[in-house]
Number of protein chains: 2
Amino acid sequence: MSGVRAQQKQKTRQALIEAAFNQLSAEHSFSNLSLREVAREAGIAPTSFYRHFKDMNELGLTMVDEAGLTLRQLMRQARRRIASGGSVIITSVETFMEFIDTSSNQFRLLLRERSGTSKAFRAAVAREIKHFILELAHYLETETPCDKHHAYMQSEAMVTLVFNAGAEALDQDAQQRAELTERLIWQLRYIARGANHYGAQ
Amino acid sequence: MSGVRAQQKQKTRQALIEAAFNQLSAEHSFSNLSLREVAREAGIAPTSFYRHFKDMNELGLTMVDEAGLTLRQLMRQARRRIASGGSVIITSVETFMEFIDTSSNQFRLLLRERSGTSKAFRAAVAREIKHFILELAHYLETETPCDKHHAYMQSEAMVTLVFNAGAEALDQDAQQRAELTERLIWQLRYIARGANHYGAQ
DNA sequence: TATTTTAGCGTACAACTGTACGCTGAAATT
DNA sequence: AATTTCAGCGTACAGTTGTACGCTAAAATA
């Protein structure tokens, strides 16, 4: 097992995924990508693409999974920072902004396919975001005086705002981002305050 | 002035715009549209398209303007309902959900191009949304005990949540929408509460 | 060692795209 | 009435797309 052959296959499969991510940008979305372009950048013949994916859709879903994984790893790291004494809101926001900065194409994929033309894509992204919401909701439920239902709604609102701020940040310079982040933090405070008021148990 | 000729030109121009809107759907975004398909549906030859728009981009920007106009008109109507004694939050949310229901393709355009591949599109959509935020912020500033800066942040957060809920509603049935709307209303209450606390003057 | 499996290639093709170019007939202008 | 303007058309072309098909060489298996 894991012979030379399977190893090489895995390698070009990954090359395809990376080629696709590389071609994403502010001006290029996944649905604009062509199978041929991706294959070209990955250094294989167009027809060899099919040895790895049934079609571009399958590649895309794999990419969504990968982006979700990256995000989850980053947030796990954030939780560690929080556990060792950081502010929840500020640490989470900082971590998310880091994700947007260092993995902007992965974020762009999630952002765009969330409202894209493939139901499967939309569902996949929604699933990733839901993970997120549930994790945060769990935290809020155990660490703040907020009942389960309100914790969920609070979490949902917060994740929505953070995600959206991330989208805006993509087009902004450092100065604008700083202002955006500051507003975002206030807005998260509003929600925390309101939820703790209505949802106190 | 307004001769037979100019009138006919205006008519086919509108036919192009409507053809393009008709071709938008859950599975078809603006960037998937082809000039030829749009021209075909509008009943003109592909090359005649250029008599009306420089390219598809110009058509798209016109469509964004039109969608923004529709939305603004709807919200003006909502303000009238509020003035005659309705709840601000509930009336606004209901009006927005109505927009999504009756003009789903116009909403889809705004939703997708907000994070699309054309900077001009993104800016155009951002402008429409900013209108919205400023209007609501003005209302909050005059009608609630909240200073200017906090009124703006509150408004921004609220519009973001409403817009995002609209996006989710697109894929949902009546039952799910009702639940979503209920959550949304709670979330808006959180924000109102929190903003009034931190921003009270 | 002999056989089977398979990642990757090259060729080929039909479908579609945007758009350049020149024509036409009717409306508008003179 | 003579002239100009111009919305819309048809033809044409080069470029790109996805993918069907059959081949090859090397790795895996027997």
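Per chain, numbering begins at 1; letters A, B, ... match sequence-line order.
Under the 4.0 Å criterion applied to side-chain N and carboxylate O atoms, Glu94(B) and Arg177(B) are not assigned as salt-bridge partners. The pair Glu182(A)-Arg189(A) fails the salt-bridge criterion, with no side-chain N (NZ, NE, NH1 or NH2) lying under 4.0 Å from an Asp/Glu carboxylate O. A salt bridge links Arg72(B) with Glu128(B); the closest basic N to acidic carboxylate O contact falls under 4.0 Å. Ion pairing of Arg183(B) with Glu156(A) is present here, as a side-chain N (NZ or NE/NH1/NH2) and a carboxylate O approach within less than 4.0 Å.
Between the CD atom of Glu37(B) and the P atom of dT17(D) there is a distance of 18 Å, rounded to whole Å. dG8(C) atom P lies 12 Å from atom CZ of Phe49(A), rounded to whole Å. The nearest whole Å value for the distance from the CD atom in Gln8(B) to the C1' atom in dC9(D) is 15 Å. Look at CG on Leu35(A): it is 16 Å from C1' on dA15(C), rounded to the nearest Å. Rounded to an integer number of Å, the gap from CG of Asn32(A) to P of dG18(D) is 12 Å. Atom CD1 in Ile44(A) sits about 6 Å away from atom P in dC9(C), given to the nearest Å. The distance between atom CG of Leu33(A) and atom C1' of dT17(D), rounded to the nearest whole Å, is 13 Å. Between Gln7(B) atom CD and dA26(C) atom P there is a gap of 19 Å when expressed in whole angstrom units.
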* Asked: Where do Arg193(B) and His197(A) land on the side chain to side chain donor-acceptor pair (under 3.5 Å) test, with the steps shown first?
  -> CA-CA 8 Å; Arg193(B) 180 101 202 171; His197(A) 174 265; 3.2 Å; yes
* To do: For Ile17(A) and Phe53(A), run side chain to side chain contact (heavy atoms under 4.5 Å, CB included): C-alpha distance rounded to whole Å, both residues' side-chain angles, the deciding distance at 0.1 Å, then the answer.
  => CA-CA 10 Å; Ile17(A) 294 174; Phe53(A) 301 99; 4.1 Å; yes
* Please report the C-alpha distance between Arg108(A) and Glu27(A) in whole Å, then the side-chain angles of each, then the deciding distance to 0.1 Å, and finally whether the salt bridge (Lys or Arg N to Asp or Glu O under 4.0 Å) criterion is met. => CA-CA 11 Å; Arg108(A) 264 189 254 269; Glu27(A) 297 80 25; over 6 Å; no
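Put simply, Arg40(B) has no side-chain N or O that comes within less than 4.0 Å of OP1 or OP2 on dC16(C). Phosphate contact (OP1/OP2 of dA7(C), side-chain N/O of Ser48(A), threshold under 4.0 Å): absent.
Residue Arg36(B) places its side chain closer to dT19(C) than to any other of dC9(D), dT19(D), dT19(C). For Thr12(B), whose side chain is taken as the heavy atoms from C-beta onward, the closest listed nucleotide among dG8(D), dC9(D), dG18(C) is dG8(D).
Side chain Arg5(B) to base dT5(D): a donor-acceptor pair is found below 3.5 Å.
Within residues 50-61 of chain A, the residues having any heavy atom closer than 4.0 Å to DNA chain D are, in order of number, Tyr50(A).
Comparing Thr47(A) and Gly43(B) by the nucleotide of DNA chain D whose heavy atom lies nearest to each, the residue mapping closer to the 5' end is Gly43(B).
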